[in-house]
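None of the values given here were measured: they were computed from a predicted structure.
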Amino acid sequence: MKYKILILVIAVIFLLSAAASLFVLYSPPKSTVRIISDGKLIETVNLFSAEDRTFTVEYQGRTNTIEIKDGQIRVKDAECYDHTCVKMGWLYSASMPIVCLPNHLVIEYAGSSDDVDAVTR
């Protein structure tokens with residue numbers, strides 16, 4: 001009898017944890033995005049009201065082409081060796097910003113960097 005209760009408690013904890021994880025992962029995104037280059041805020045964009053456009057951000061002679069379209073944002077093209085930022089596609093989660101390390105570019109939902117992280121200055 002004790003083991004049945006223990007298994008039931010563990011199963012409930014597991015299901016609640018899985019539901020909470022899915023809620024956080026698929027929560028609706030915020031509308032305000034920050035574009036940061038070399039630690040400096042370049043632009044803040046409200047995706048719900050932003051017009052479709054493409055523009056470039058330069059860092060030490062290399063550029064990232066950023067596209068805003070249909071209320072979404074992505075790095076369309078980049079002058080870096082790995083193109084990881086381009087492969088990330090459209091920004092869809094507040095927990096996972098678009099980052100181009102070689103060009104020191106970060107695109108993130110506003111408020112997502114206020115959390116504690118592993119980097120300390």
(request) Group every Ile, Leu, Val, Met, Phe, Trp and Tyr by side-chain heavy-atom contacts under 4.5 Å, then state whether Tyr92 and Ile68 land in the same group. (result) yes
(message) If hydrophobic clusters are built from ILVMFWY residues whose side chains come within less than 4.5 Å, do Val86 and Val33 share one?
(response)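 Yes; tracing contacts between hydrophobic side chains, which count when under 4.5 Å, links both residues.
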(request) Could you list all the salt bridge (charged side-chain N to carboxylate O under 4.0 Å, His left out) pairs where at least one residue sits in residues 73-101, not counting sequence neighbours? (result) Glu67-Arg74
Sub-4.5 Å side-chain heavy-atom contact between [X] and [Y]:
X      : Y      : result
Thr84  : Cys100 : no
Asn103 : Thr63  : no
Ile35  : Val106 : no

(message) So, taking the atom named SG in Cys80 and the one named NE2 in His104, what distance separates them when rounded to the nearest 0.5 Å?
(response)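 The distance works out to 11.5 Å.
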(message) So which atom in Leu91 and which in Tyr109 form the shortest heavy-atom distance, rounded to 0.1 Å?
(response)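 Looking at all heavy atoms of both residues, the closest pair is O-OH, 3.4 Å.
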Can I get a per-line list of side-chain donor-acceptor pairs under 3.5 Å for residues 46-58, giving both atom names and the distance, sequence neighbours left out?
residue	atom	partner	partner atom	Å
Asn46	OD1	Phe48	N	2.9
Asp52	OD1	Asp70	N	2.9
Arg53	NH2	Glu43	OE1	3.4
Arg53	NH2	Glu43	OE2	2.2

(message) Can you pull out every ring-ring contact (aromatic ring centres under 6.0 Å, His included) where at least one residue sits in residues 60-91? Sequence neighbours excluded, please.
(response)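 Every pair satisfying ring-ring contact (aromatic ring centres under 6.0 Å, His included) with a residue in residues 60-91: there are none.
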(message) With side-chain contact (heavy atoms from CB on, under 4.5 Å) as the test, pick out the partner of Ile98 among Ile107, Ile66, Leu105.
(response) Ile107
(message) Using the side chain to side chain contact (heavy atoms under 4.5 Å, CB included) criterion, which residues pair with Leu41? Sequence neighbours excluded.
(response) Arg34, Ile36, Thr44
Extract all donor-acceptor atom pairs below 3.5 Å that involve side chains of residues 2-14 and protein atoms in other chains or at least two apart in sequence.
none

